[in-house]
Amino acid sequence: MTEFLLAAALLVLVTVLGGLVRVLRGPADADRIMAAQLLGTGGIAALLLAGVAMAAPALFDLALILAVLAAFASVAMARLAPGDDPREPGP
Amino acid sequence: MTGTIFGLVGAALIGIGLFGMLVRRDALLRILSFNLLGGGVFLVFGAVARRGAGAGFGGDPVPQAIILTGIVVAFAATTLAVALVLRLAAAKDRA
Amino acid sequence: MAWDMLPMLAVMLPVLAMVAAVPLGARGAERLTLAYAPVGLALAIGIMLVVQLGGVPIRQELGHWAPPLGIAFRADGLAAAMLLTAALIIGAIAIFARADFGTAAGAAERRQAFAFWPLLLGLWAAINLAVVANDLFTLYVALELLTFAAMPLVCLDGSRATLQAALRYLMFALLGSVLYLLGVALIYGSAGTLDIVLLAQRVRGDIPVMIAIAVMTAGLLAKTALLPLHLWLPPAHAGAPAAASAVLSALVVKGSFVLVLRLWFGVMARVPMPDAAQILAGLGAAAILLGSVAALGQARLKLLVAYSTVAQIGYLFLMFPLLAASAGEVAAKAWTGGVVQAVSHAFAKAAMFLAAGIMAARFGHDRIADLSGAGRAMPVTLLTFALAGLSLMGVPPSGGFAAKWLLLSAAIGAGQWWWALVILGGGLLTGGYVYRVLAMGLRAGDPAPEPAPVAWQRDGIALALALVSVVLGFLPLAAFGLVQIGRLDVSP
Amino acid sequence: MSLLADGVTILCVLAGLVFFAAGTVGLLRFPDTASRLHALTKADHLGLGLVVLGLLPQMDSLAGILRLLAFWALVLLASAATGPMIARLLRRQGGIT
Amino acid sequence: MIPALAADGLLAAGILALALGCVATRRAFASAALFIAYGLLLALAWARLDAPDVALTEASIGAGLSGVLLLGGVRRLEGLAEPSPDAETGPLLTILIGIGCAALTVAIGAAVLLLPDPTPSLAPQVAANLATTDLGNPVTAVLMSFRALDTLLESAVVLLAVVCVWALTPEGGWGGVAGLRQPVVRDGPLALLARVLPPLGIVIAIHILWVGADAPGGKFQAAAVLAAMWLMPWMAGLAPAPRIDARWLRLVLAAGPALFILIGLGGALAEGAFLAYPPGWAKPLILAIEIVLTASIAVALALLVMGPPEPPR
């Protein structure tokens with residue numbers, strides 16, 4: 001089981017890293033935000049799989065922090081992207 | 001092995017970050033490059049920590065603690081630099 | 001009272017005062033700073049006496065954790081000299097700055113006033129930490145503390161030019177500290193400790209360590225503004241308010257300089273690097289000559305003083321090849337000469353910037369060509385400038401003379417006579433730019449139409465600092481024995 | 001018990017992987033940003049959901065199960081909020097083609 | 001072994017690709033988005049390096065707060081009249097700098113490869129002394145006991161950074177509300193998230209702080225999450241930023257470092273060395289410092305991201 005979960009974690013990593021191409025190439029800002037979000041979700045999935053496989057609760061906490069801050073960062077990216085509502089100044 | 005791989009990644013990041021800091025003219029991109037450079041330095045330190053694993057720890061806790069401190073200090077420096085860049089741009093605006 | 005507490009108190013009390021200054025607000029912070037200044041001075045004098053009388057450095061292991069696991073403070077002779085210098089200068093600046101950054105009772109808090117006092121306290125803490133800390137990473141934190149405290153001082157006035165200067169300074173400083181940190185990582189990986197005393201015993205000249213020392217030195221030189229990494233200094237130091245310029249030029253660049261000394265003659269005490277030392281001194285010589293020539297050509301007084309700092313920093317690096325190539329008395333002379341140069345330049349330059357600030361405030365500008373009449377209108381200020389200038393030139397008897405004489409005779413003793421030529425040539429050029437200002441000031445003329453009277457305290461403080469710089473030259477040579485205490489490159 | 005649990009885990013995690021792969025392929029291959037957004041929000045979060053579902057049988061405590069579910073809820077919430085924001089951003093930047 | 005190597009290789013390639021993208025991209029927003037993705041991957045790399053405490057810090061501060069700060073900077077810079085960008089570096093100089101940086105990379109890489117094997121380590125010493133601190137997490141023990149001085153000074157550095165950022169307040173803005181005023185967003189997805197996420201985040205932060213004594217986690221990570229949970233409703237205009245001359249604000253900022261120093265001085269009086277904890281008191285004192293410090297650092301981090309007050313328009 002452990003091997004299967006670790007392999008699955010690796011595969012998740014492989015697929016979401018494929019999405020990196022979108023972050024790098026865009027072309028729209030929305031593409032970049034989405035790809036970064038996918039990276040976050042994939043990272044969480046990989047950490048959960050690895051955390052269960054290796055019985056390492058620290059990885060769960062890391063996934064938790066990642067989830068909260070990925071939400072925060074996604075919101076910030078969507079809100080602060082140039083061209084979004086000009087009435088709203090950013091931080 | 002993991003330690004060495006990321007140590008080398010750190011070395012590469014140092015080069016990339018320094019290049020960005022020296023070549024790019026946009027102040028924010030320079031600050032961002034500074035962060036890449038800092039990340040590289042922390043990774044080199046992390047490689048040292050990983051190679052010092054022992055006594056039941058996955059890595060030497062002393063450099064790990066130092067990196068942690070370093071990340072916070074680097075963040076404070078980044079905020080300072082961003083605030084300064086914004087203030088300067090606003091001053092130009094008014095001038 | 002346990003004497004080993006003194007260095008710790010000299011660091012932690014200003015940190016505590018800085019922290020307390022934030023909730024106290026501008027007025028409270030000002031009072032706190034002025035109240036703390038004599039305490040800090042007493043601590044510095046106490047440390048100097050203990051080190052001098054005991055003949056050994058003061059050491060404290062924090063939390064009773066001995067290095068390599070823990071961190072130790074170690075105040076040697078160099079640290080004692082720098083602590084006292086910092087205490088005297090910062091105390092003087094605090095009194096001087098009351099007129100600019102004071103807050104009257106009941107008055108609303110102003111931005112500059114709120115920021116200045118915690119920054120001054122933070123800067124003091126950072127300098128003290130940089131000279132007594134004995135751990136390479138703690139020294140990194142000291143460097144960052146120093147940068148954070150110094151950067152806003154540069155642009156306190158908020159004009160566009162000063163903001164630009166501050167940004168450039170910040171970039172240089174951040175790059176410098178991150179390079180330093182890189183070296184810390186490599187040294188830890190090679191030797192398994194960051195304690196300088198332990199490193200001095202453990203370090204061999206293997207490749208990772210040499211690379212580490214190279215990047216750390218490069219980073220620190222950027223912070224010390226040694227030519228060719230000096231470009232940030234003149235606009236930053238010339239644009240700041242006079243009180244801020246004085247601490248920046250007198251103390252902040254010395255903090256990173258002390259770190260270079262700790263690296264070369266602490267960590268690398270057993271690994272001589274004579275060729276690299278020649279390069280450093282070559283850069284120093286170039287700084288002396290080019291910096292002085294640039295100062296000669298400046299139209300504005302504060303820029304002239306700032307370029308003079310670039311030149312005087314060059315002298316500090318002449319000691320490196322002399323120490324690397326010799327031992328015994330010649331090396332001792334070089335070491336003392338370098339440290340006395342750092343101290344006497346600190347006092348002279350603080351005095352000079354304050355005098356320049358007083359003149360600029362009086363005339364409403366600092367164009368050298370329009371300073372005629374200064375001698376009649378403000379003789380004390382011009383006298384201050386002249387005394388500080390004499391010390392920078394190295395005219396006997398002054399602290400600058402003692403420093404340059406020691407370096408000169410060490411250069412001859414070490415058989416490296418070419419540095420002696422540089423010292424003499426630099427002195428002549430320094431004489432040139434100081435004379436330029438004095439000659440213009442003594443010319444008859446009318447200063448400002450309706451001059452605001454200069455508070456005598458401000459003139460007095462600037463004059464006192466200049467006098468200290470001169471009086472250093474009267475000290476018997478034995479007094480300089482202090483700075484030899486605890487040198488890691490000679491102890492067995 | 002263990003065999004059944006492991007079987008469920010393997011099935012669900014594999015299905016999750018398929019969705020992750022589908023999300024990535026969609027992100028890479030779909031011609032315009034708007035359809036990429038659809039591909040992503042659907043596939044990505046179903047993928048994580050299935051992984052979470054698959055890991056549930058491996059948990060030996062209720063706290064662990066709740067924690068896993070909390071992850072999914074958190075990510076769904078974030079996605080629910082950012083999806084419309086990204087769509088609006090797309091409209092404003094004129095990215096819908 | 002092979003999968004582990006593959007994971008490392010993938011992460012390494014991803015990190016380097018994103019870093020190169022950051023430096024090469026023409027548009028600042030794209031660079032900042034890349035930087036956030038880079039931070040995410042870096043956090044995974046730290047997990048692979050068996051440094052979970054660092055991974056938590058990198059995820060929360062390195063990727064999260066830094067990324068949002070840079071994004072905000074990009075956004076505000078374009079709001080200001082675009083300053084005429086200085087000429088890009090010439091091609092010859094670019095190549096020269098590139099060669100220099102590559103040489104530096106090679107030198108550092110060589111240094112990493114040439115480090116002594118086995119690398120000297122303090123891990124055995126930490127393990128031997130861990131029991132005296134009553135802590136289970138060795139990194140927390142280093143941060144709060146063996147090298148507590150660094151942590152103390154760092155908290156002072158963060159406070160000083162707040163002073164520095166405030167010192168950059170434009171004329172007429174002093175005493176105002178930190179950062180730009182955010183327009184109120186009462187409904188819509190942002191408002192929803194801004195209302196729902198913070199309670200969750202606060203629970204998570206408390207958890208991270210609490211486990212920090214014995215497991216990966218601690219005050220910096222918890223403080224970063226708390227700061228993010230404040231910034232979120234602030235960006236939606238639902239939680240106002242404080243006035244920078246508010247007495248409570250300044251007291252909270254100073255409380256953590258001040259308590260730390262005072263406990264340290266207490267150690268000097270009672271035990272004869274600064275930051276020495278009396279036997280048996282180590283854990284309660286450390287916990288007290290951590291809790292107060294978390295509050296101070298969280299407020300400081302949030303204020304740093306918000307930036308200096310703006311004069312009313």
Side-chain angles (χ1 to χ4, degrees), chain B residues 1-9 11-16 18-20 22-23 25-26 28-29 32-33 35-36 39 44 46-62 64-65 67-69 71-73 75-76 78-80 82-87 89-90 92-93, chain E residues 8 12 15-16 19-20 22-23 28 31 35 42 45 48-51 53-54 57 61-62 66 69-70 73-74 76-77 80-81 83 85-86 88-89 94 97-98 101-102 104-105 108-109 112 119 121-124 126-127 138-139 142-143 150 154 157-158 161 164-165 168 170 220 304 307-308:
Chain B
M1 194 61 206
T2 302
T4 309
I5 290 177
F6 286 111
L8 294 177
V9 171
L13 284 177
I14 290 167
I16 295 171
L18 186 64
F19 180 79
L22 296 177
V23 165
R25 286 280 169 260
D26 183 326
L28 277 179
L29 284 176
L32 203 147
S33 301
N35 272 283
L36 296 178
V44 170
V48 169
R50 182 76 182 84
R51 292 165 60 127
F57 302 139
D60 186 345
V62 171
Q64 288 187 3
I67 296 164
L68 219 152
T69 309
I71 290 177
V72 180
V73 173
F75 171 74
T78 307
T79 59
L80 214 57
V82 169
L84 189 53
V85 167
L86 290 176
R87 177 78 176 82
K92 276 180 177 165
D93 208 13
Chain E
D8 291 344
I15 290 171
L16 288 179
L20 281 171
C22 274
V23 173
S31 281
F35 182 76
L42 210 52
R48 286 287 308 142
L49 282 168
D50 257 323
D53 295 270
V54 181
T57 316
I61 295 183
S66 293
L69 175 83
L70 288 167
V74 170
R76 273 180 68 178
L77 260 192
L80 302 162
D86 305 311
E88 285 292 316
T89 313
T94 306
I97 292 174
C101 293
L104 179 67
T105 294
I108 306 298
V112 169
T119 305
S121 169
L122 289 175
V126 173
V139 176
V142 174
L143 284 173
D150 289 342
E154 178 201 10
V157 167
V158 172
C164 294
V165 167
L168 292 169
F220 292 123
L304 286 174

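Just so it is clear: chains get the letters A, B, ... in the order the sequence lines come, proteins before strands, and each one is counted from 1. Below, all heavy atoms of this structure are taken into account, side chains as well, without hydrogens, waters or symmetry copies.
- A distance of 5.0 Å separates CG in B:Leu32 from SG in E:Cys22, rounded to the nearest 0.5 Å.
- In this structure, B:Gln64 contributes its side chain and E:Asp50 its backbone to a donor-acceptor pair below 3.5 Å.
- Ranked by non-hydrogen atom pairs under 4.5 Å with chain B, the options E:Leu143, E:Val23, E:Val54, E:Val112 are led by E:Val23.
- Residue with the most contacts toward chain B among E:Leu49, E:Ile15, E:Val142: E:Leu49 (heavy-atom pairs, distance under 4.5 Å).
- Listed options B:Gly58, B:Gly39, B:Gly59 were ranked by heavy-atom pairs under 4.5 angstrom with chain E; first place goes to B:Gly58.
- Smallest separation of non-hydrogen atoms from B:Ala76 and E:Ala161: CB-CB, 3.9 Å.
- The part of B:Val44 that comes within reach of chain E is its side chain, from C-beta onward, which places non-hydrogen atoms under 4.5 angstrom from that chain.
- Taking each heavy atom of B:Arg50 and E:Arg48 in turn, the nearest pair found is NE-O, 4.1 Å.
- Contacts with chain E were tallied for B:Ile71, B:Val73, B:Ile67; B:Ile71 has the most, counting heavy-atom pairs under 4.5 Å.
- Of the inter-residue distances, the one linking B:Asp60 atom CG with E:Thr119 atom OG1 reads 9.5 Å to the nearest 0.5 angstrom.
- Of the two parts of B:Ala12, the backbone and the side chain both hold a non-hydrogen atom closer than 4.5 Å to a non-hydrogen atom of chain E.
- Between chain E and the residues B:Val9, B:Thr78, B:Ile16, B:Leu18, the most heavy-atom pairs under 4.5 angstrom are made by B:Ile16.
- Both the backbone and the side chain of E:Ala45 have a heavy atom closer than 4.5 Å to some heavy atom of chain B.
- The greatest number of non-hydrogen atom pairs below 4.5 Å with chain E, out of B:Pro61, B:Ala53, B:Ala83, B:Gly15, is found for B:Pro61.
- For the set B:Asn35, B:Leu13, B:Val48, the entry with the most heavy-atom pairs within less than 4.5 Å of chain E is B:Leu13.
- Of the residues E:Leu20, E:Ile97, E:Thr105, the one that meets the side-chain contact (heavy atoms from CB on, under 4.5 Å) test with B:Phe19 is E:Ile97.
- The contact between B:Leu29 and chain E is made entirely by side chain atoms (from C-beta outward), counting heavy-atom distances below 4.5 Å.
- Your options are B:Gly3, B:Gly7, B:Gly54, B:Ala11, and the one with the most heavy-atom pairs under 4.5 Å with chain E is B:Ala11.
- Looking at B:Ile5, only its side chain comes within 4.5 Å of chain E, counting heavy atoms on both sides.
- Of the residues considered (E:Ala19, E:Gly109, E:Gly307), E:Ala19 shows the highest number of contacts with chain B, using heavy-atom pairs under 4.5 Å.
- Put simply, of E:Leu104, E:Leu122, E:Leu42, E:Ile61, the one with the most heavy-atom pairs under 4.5 Å next to chain B is E:Leu122.
- With chain B as the partner, the residue from E:Val158, E:Thr94, E:Asp53, E:Val157 showing the most heavy-atom pairs under 4.5 Å is E:Thr94.
- B:Phe75 is linked by a ring-ring contact (aromatic ring centres under 6.0 Å, His included) to nothing, counting only residues two or more places apart in sequence or in another chain.
- Here the closest heavy-atom approach between residue E:Leu70 and residue B:Val82 is recorded as CD2-CG2, 4.1 Å.
- Atom OG1 of B:Thr2 and atom CG of E:Asp8 lie 4.0 Å apart (nearest 0.5 Å).
- Put simply, of E:Ala123, E:Ala102, E:Gly62, E:Ala51, the one with the most heavy-atom pairs under 4.5 Å next to chain B is E:Ala123.
- The OG atom of E:Ser31 lies 8.0 Å from the CG atom of B:Asp26; values are rounded to the nearest 0.5 Å.
- Interatomic distance, CD of E:Glu154 versus CG of B:Leu68, reported as 7.5 Å (0.5 Å rounding).
- Residues that satisfy the salt bridge (charged side-chain N to carboxylate O under 4.0 Å, His left out) test with B:Arg51, not counting sequence neighbours, are absent from this structure.
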